[in-house]
Protein chains: 2
Amino acid sequence: MELIGLLHASDRALTQQELEARTTVAADRVSIFRSLDAFEQAGLVHRVLDAGGTGRYAPCTGGCAQGAHVDAHAHFHCVRCEGVFCLATVTVPKVELPRGFRSQRSHLDVEGICKACR
Amino acid sequence: MELIGLLHASDRALTQQELEARTTVAADRVSIFRSLDAFEQAGLVHRVLDAGGTGRYAPCTGGCAQGAHVDAHAHFHCVRCEGVFCLATVTVPKVELPRGFRSQRSHLDVEGICKACR
DNA sequence: CCATATTTGCAACTCAGTTGCATCAACAGG
DNA sequence: CCTGTTGATGCAACTGAGTTGCAAATATGG
């Protein structure tokens, strides 16, 4: 699908709205949601929440398979442009949890000013 | 306000809905949102997004002041009960960012099974 | 070519959060 | 005691993301 291309072409994670605005062949919002869902299941794309709780999508960088994401990298949230960037080089550190909690996956979100906004 | 008490009495972060259900003096959802907003500004309460992007509120553990949260601890998201817990003992590790990104704050979210759900 | 399965579009809905406006309570000064 | 201003509260209506049901369109396969 065209969506994957758009995601790869972007330097940041995109919302459904942004994707819809960029598609050449007009597609319904519902279809976009459904496609993104499917891609996520397939391990091609991952979904990140931005500061407002809205979903943004970015391509997986490999290693992600069918239903199991190795979503190991951190994300950067720019407070100025609201952009969300995948930090492929930044792995999420393991931390010591209190007794009783069993960890399966972690997300690290760094907030600040992005490259383009300074 | 009663809300602060409810938050302190809970072992996990609560949504506006959950708070509304627990208040003795019936309050409008809008009022609750507005109060929580005010408390957040005041540095008494902090807001965390759960896995679905919904806001959950928890009391600040001290050190947070007027408009500036020292939201230094991690949060745990239980995949079974959907609960969100503050991990007061777990500080968010600093990470090395790619050139150009300036960090202001970080959030670490651990996903897994909580104490009560095993 | 027809029958079945998959994809798409549309409408309508849910749910969190916000905004505008009217009302009510509190308190200050006359 | 009355009034005028201020801040909190309630209500209704809206927004925006995401979901669901259903019908129409488009593949797929015998």
Side-chain angles (χ1 to χ4, degrees), chain A residues 1-7 10 12-58 66-67 69 71 75 77-79 81-84 107 109 111, chain B residues 1-7 10 12-58 66-67 69 71 75 77-79 81-84 107 109 111:
Chain A
M1 237 270 215
E2 186 186 3
L3 292 177
I4 306 276
L6 288 171
L7 290 178
S10 168
R12 61 194 66 195
L14 301 174
T15 62
Q16 172 275 321
Q17 278 218 5
E18 290 165 339
L19 282 167
E20 190 174 358
R22 289 170 205 219
T23 42
T24 56
V25 282
D28 192 67
R29 10 177 258 119
V30 181
S31 298
I32 297 183
F33 275 123
R34 284 195 274 231
S35 304
L36 290 170
D37 251 41
F39 293 147
E40 201 188 356
Q41 303 287 348
L44 297 173
V45 150
H46 65 275
R47 193 177 121 103
V48 203
L49 294 179
D50 69 13
T54 323
R56 288 174 184 267
Y57 300 84
Q66 185 70 9
H69 286 278
D71 210 17
H75 293 97
H77 302 249
C78 180
V79 295
C81 68
E82 307 267 274
V84 175
H107 304 281
D109 295 292
E111 211 175 89
Chain B
M1 238 270 215
E2 188 185 3
L3 292 177
I4 305 274
L6 288 171
L7 291 179
S10 169
R12 61 194 67 195
L14 301 174
T15 63
Q16 172 275 319
Q17 279 218 2
E18 291 166 337
L19 282 167
E20 189 173 357
R22 289 169 205 218
T23 42
T24 55
V25 281
D28 194 66
R29 357 177 271 119
V30 181
S31 298
I32 297 183
F33 275 122
R34 284 196 273 231
S35 303
L36 289 170
D37 251 42
F39 293 147
E40 203 190 355
Q41 303 289 347
L44 297 173
V45 151
H46 64 276
R47 195 176 119 102
V48 203
L49 294 179
D50 69 14
T54 324
R56 288 176 184 266
Y57 299 84
Q66 185 72 6
H69 287 276
D71 209 16
H75 292 99
H77 302 249
C78 180
V79 296
C81 68
E82 307 268 273
V84 175
H107 304 280
D109 295 291
E111 213 177 87

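Remember, it's a predicted structure, so these values are computed and weren't measured experimentally. Convention: sequence-line order gives letters A, B, ...; per-chain numbering from 1.
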Whole angstrom value for the distance that separates [atom2] of [N] from [atom1] of [X]:
| X | N | atom1 | atom2 | result |
| --- | --- | --- | --- | --- |
| A:Arg56 | D:dG16 | CZ | P | 14 Å |
| A:Leu36 | D:dG18 | CG | P | 9 Å |
| B:Gln41 | D:dG7 | CD | C1' | 17 Å |
| B:Glu2 | D:dT9 | CD | P | 12 Å |
| A:Glu82 | D:dG16 | CD | P | 14 Å |
| B:Phe33 | D:dT9 | CZ | P | 16 Å |

Quiz item: With a 4.0 Å cut-off on heavy atoms, is A:Ala38 in touch with a base, just the backbone sugar-phosphate, or nothing at all?
Solution: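 The residue A:Ala38 makes no contact with any strand.
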Quiz item: Earliest and latest nucleotide of DNA chain C, 5' to 3', sitting under 4.0 Å from a non-hydrogen atom of chain A?
Solution: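 In short, chain A contacts DNA chain C from C:dT8 to C:dA12.
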Quiz item: Is there a side-chain contact between A:Leu19 and A:Leu36, using heavy atoms and a 4.5 Å cut-off?
Solution: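 Yes, close enough: below the 4.5 Å cut-off.
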Quiz item: Heavy atoms, side chains only, cut-off 4.5 Å: are A:His107 and B:Glu111 in contact?
Solution: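 Yes, close enough: below the 4.5 Å cut-off.
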Quiz item: For DNA chain C, whose closest nucleotide is more 5', that of B:Asp37 or that of A:Asp28?
Solution: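 By nearest-heavy-atom nucleotide position, the 5'-most residue is A:Asp28.
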Quiz item: Which pair of non-hydrogen atoms, one from A:Cys81 and one from A:Arg12, has the smallest distance, and what is that distance?
Solution: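 Of all heavy-atom pairs spanning A:Cys81 and A:Arg12, the closest is SG-NH1, 3.4 Å.
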Exercise. Search all heavy atoms of B:Leu6 against all heavy atoms of B:Leu14 and return the closest pair with its distance.
Key: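 In terms of heavy atoms, the two residues are closest at O-CD1, 4.1 Å.
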Quiz item: Do any N or O atoms from the side chain of A:Ser10 and from the backbone of A:Leu7 form a donor-acceptor pair under 3.5 angstrom?
Solution: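 No; judged by distance alone, with no hydrogens or angles, the pair does not exist.
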Please tabulate, for the side chains in residues 26-34 of chain B, all donor-acceptor contacts under 3.5 angstrom to protein atoms that are two or more places apart in sequence or on a different chain.
{"residue": "B:Asp28", "atom": "OD2", "partner": "B:Val30", "partner atom": "N", "Å": "3.1"}

Quiz item: How would you list, by chain and number, every residue that makes a salt bridge (charged side-chain N to carboxylate O under 4.0 Å, His left out) with B:Glu82, sequence neighbours excluded?
Solution: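 None.
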Practice problem: Could you check which of D:dA17, D:dA13, D:dG10 has an atom nearest any side-chain atom of A:Gln17? | Solution: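 So the nucleotide nearest the side chain must be D:dA17.
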Quiz item: For the helix from C:dC1-D:dG30 to C:dG30-D:dC1, what is the angle between the axes at its two ends, each from 5 pairs, rounded to 10°?
Solution: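 One end axis against the other gives 0°.
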List, one per line, each side-chain donor-acceptor pair under 3.5 Å for residues 49-58 of chain B, sequence neighbours excluded.
{"residue": "B:Asp50", "atom": "OD1", "partner": "B:Gly52", "partner atom": "N", "Å": "2.9"}
{"residue": "B:Asp50", "atom": "OD1", "partner": "B:Gly53", "partner atom": "N", "Å": "3.1"}
{"residue": "B:Asp50", "atom": "OD1", "partner": "B:Thr54", "partner atom": "N", "Å": "3.0"}
{"residue": "B:Asp50", "atom": "OD2", "partner": "B:Arg56", "partner atom": "NE", "Å": "2.9"}
{"residue": "B:Asp50", "atom": "OD2", "partner": "B:Arg56", "partner atom": "NH2", "Å": "3.3"}
{"residue": "B:Arg56", "atom": "NH1", "partner": "B:Ala13", "partner atom": "O", "Å": "3.4"}
{"residue": "B:Arg56", "atom": "NH1", "partner": "B:Glu18", "partner atom": "OE1", "Å": "3.4"}
{"residue": "B:Tyr57", "atom": "OH", "partner": "B:Arg47", "partner atom": "NH1", "Å": "3.3"}

Quiz prompt | B:Glu2: partners by side-chain hydrogen bond (donor to acceptor under 3.5 Å, both in side chains), with sequence neighbours left out | solution =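 B:Glu2 satisfies side-chain hydrogen bond (donor to acceptor under 3.5 Å, both in side chains) with B:Thr24 only.
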Quiz item: Considering heavy-atom distances to DNA chain D, does B:Ala26 or A:Gly55 have its closest nucleotide positioned more toward the 5' end?
Solution: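 Nearest nucleotide further toward 5': that of B:Ala26.
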Quiz prompt | Sugar-phosphate or base contact per nucleotide [nucleotides 21-26 of chain D; S, B, -; heavy atom under 4.0 Å] | solution = B-----
